[in-house]
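One structure is given here, and the rest of the page talks about it.
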Number of protein chains: 2
Amino acid sequence: MENQGQRGFSKAEIPDPKAWLDGTPPAESDPRVERLVNELIGRVADKWTMLILELLEEKGTLRFTEIGRQVEGISQKMLTQTLRQMERDGLATRTVHPVVPPRVDYALTPLGNSLSAAFCGVWIWAERHLAAVEEARARFDAL
Amino acid sequence: MENQGQRGFSKAEIPDPKAWLDGTPPAESDPRVERLVNELIGRVADKWTMLILELLEEKGTLRFTEIGRQVEGISQKMLTQTLRQMERDGLATRTVHPVVPPRVDYALTPLGNSLSAAFCGVWIWAERHLAAVEEARARFDAL
DNA sequence: TGCTATAGACACCGAAAGGTAAGAAATGGA
DNA sequence: TCCATTTCTTACCTTTCGGTGTCTATAGCA
């Protein structure tokens, strides 16, 4: 993979799955930054994005149809759209091989890997507390 | 509701803000559970939910209009809807005081606190990598 | 009497998300 | 010759999201 000179930070900073935990506590209150962060999270916390992120994290490099097959329920339109967006946000790379049935490979960038690691906490939370949420819902709906 | 027998852990497990970090790696591959988890994350990763979660985490207990004032841009409809949903999911409590201009207080449950803690990682990620994402976008859009 | 304030419920309506389906482009194989 | 394959794009249409505006109940107050 050649591209993506992520200019500001070195690759060495990312590989550690817990890298996002050290230093820099959430002590921040600039409303402009906060707005940008909100917007970014809103885009990135998208259902399909999270699923594709997980899949690529686990499987490495995959081609278009492969992802479509493994992310159950996604339409081709959403797949294209989501991948394009991830590429634009610098989360994934898109490599086109100029062969005649087209072949396009997708893989995570270091940035994508770090996001995947950050989401890990939410993922674990959901797994661990799924039952609690369902129980709460049942209790709520019973009234 | 058709609870898949996921019950089996006590409330006492939740209060620690870092509880979601210890043990239990994401080693899990039951497609049914995975679907439920996806759905849960999709619901919980909602924009307004995240903002209210943050606000209540920071401020403690707040009443309806207070939240409306501090979550900039939310409509009354969305506020009601989101709070109702959070209550249903067991993330927040709703306390009605039978006084004459009505007064209703909202606060996070331990479950809500733990979710807030889990999202913390994503917030930090977004803060730290905001510039990288914007740079990636600029590069992408320049083509 | 009539006005205000609080926490909603409810209906209407435009905008946006997302699904379906068709087509395009290029080439090897039946 | 014609079809299948792969990765999209585009058009069309339905469903959902979310904003606005109206209505309620009740007590205090002018």
Side-chain angles (χ1 to χ4, degrees), chain A residues 3 35 38-53 55-56 59 61-89 91-107 140-141 143, chain B residues 35 38-53 55-56 59 61-89 91-108 140-141 143:
Chain A
N3 51 0
R35 249 197 53 252
N38 281 350
E39 188 195 344
L40 177 55
I41 289 186
R43 183 157 312 170
V44 127
D46 166 72
K47 175 188 179 185
W48 298 127
T49 303
M50 291 189 54
L51 292 179
I52 295 176
L53 205 66
L55 182 65
L56 287 179
K59 304 285 178 69
T61 300
L62 290 174
R63 53 191 298 191
F64 187 80
T65 354
E66 264 312 298
I67 303 177
R69 258 192 290 274
Q70 303 202 32
V71 176
E72 188 177 11
I74 194 170
S75 70
Q76 192 218 37
K77 179 184 174 181
M78 279 293 93
L79 181 54
T80 303
Q81 203 171 103
T82 307
L83 285 171
R84 210 44 51 83
Q85 196 172 248
M86 290 175 70
E87 190 197 357
R88 176 168 184 262
D89 289 342
L91 302 175
T93 58
R94 175 171 174 270
T95 312
V96 182
H97 301 93
V99 295
V100 85
R103 177 198 175 94
V104 181
D105 286 334
Y106 292 90
F140 185 91
D141 293 342
L143 303 183
Chain B
R35 249 195 53 253
N38 282 349
E39 188 195 343
L40 176 56
I41 289 186
R43 183 157 312 168
V44 128
D46 167 72
K47 173 188 179 185
W48 298 128
T49 303
M50 290 189 54
L51 292 179
I52 296 177
L53 203 65
L55 181 66
L56 287 179
K59 303 286 178 69
T61 299
L62 291 174
R63 52 190 299 190
F64 187 80
T65 354
E66 264 312 299
I67 304 178
R69 258 192 290 272
Q70 304 202 31
V71 176
E72 188 179 9
I74 194 169
S75 71
Q76 188 221 40
K77 179 185 176 179
M78 279 294 95
L79 182 54
T80 304
Q81 202 171 102
T82 306
L83 285 171
R84 211 45 51 85
Q85 196 172 250
M86 289 174 71
E87 190 196 356
R88 176 168 184 261
D89 289 342
L91 301 175
T93 58
R94 176 171 173 272
T95 313
V96 181
H97 301 92
V99 296
V100 85
R103 176 198 177 93
V104 182
D105 287 334
Y106 292 91
L108 291 191
F140 184 91
D141 294 343
L143 305 183

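First the proteins, then the strands, lettered A, B, ... as listed; each starts at 1.
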Atom-pair distance ([atom1] on [X]; [atom2] on [N]), nearest Å:
| X | N | atom1 | atom2 | result |
| --- | --- | --- | --- | --- |
| K47(A) | dG19(C) | NZ | C1' | 12 Å |
| E72(A) | dG19(C) | CD | P | 13 Å |
| I74(A) | dC8(D) | CD1 | P | 13 Å |
| L79(B) | dA7(C) | CG | P | 10 Å |
| L83(B) | dT6(C) | CG | P | 16 Å |
| Q76(A) | dT5(D) | CD | P | 15 Å |
| D46(B) | dC17(D) | CG | P | 10 Å |
| R43(B) | dT16(D) | CZ | C1' | 14 Å |

Greater than 12 external heavy atoms within 6.0 Å of E72(A)'s CD: no

[X] [atom1] to [Y] [atom2] distance, which is reported to the nearest 0.5 Å:
| X | Y | atom1 | atom2 | result |
| --- | --- | --- | --- | --- |
| M50(B) | N38(A) | CE | CG | 7.5 Å |
| L79(A) | R69(A) | CG | CZ | 11.5 Å |
| R84(B) | R94(B) | CZ | CZ | 4.5 Å |
| D105(A) | L56(A) | CG | CG | 10.5 Å |
| E87(B) | T95(B) | CD | OG1 | 9.0 Å |
| M78(A) | L83(A) | CE | CG | 11.0 Å |

Any donor-acceptor pair under 3.5 Å from T49(B) side chain to A45(B) backbone: no

L91(A) backbone acceptor or donor facing D89(A) side chain under 3.5 Å: no

dT9(D) OP1/OP2 closer than 4.0 Å to side-chain N/O of R84(A): yes

Terminal axis angle for the helix from dT1(C)-dA30(D) to dA30(C)-dT1(D), five pairs an end, nearest 10 degrees: 40°

Residues from residues 61-69 of chain B lying under 4.0 Å of DNA chain D - heavy atoms: none

The side chain of [X] lies closest to which of these nucleotides: [options]?
| X | options | value |
| --- | --- | --- |
| K77(B) | dT9(D), dG8(C), dG19(D) | dG19(D) |
| S75(A) | dG19(C), dA22(C), dG18(D) | dG19(C) |
| V104(B) | dG19(C), dG19(D), dA7(C) | dA7(C) |
| V100(B) | dT6(C), dT26(D), dT27(C) | dT26(D) |
| T80(B) | dA9(C), dT5(D), dT9(D) | dA9(C) |

Given DNA chain D, 5'-ward residue of the pair G73(B) and R103(A), judged by closest heavy atom: R103(A)

Option among L55(A), T61(A), I52(A), I67(A) that satisfies the side-chain contact (heavy atoms from CB on, under 4.5 Å) test with Y106(A): I67(A)

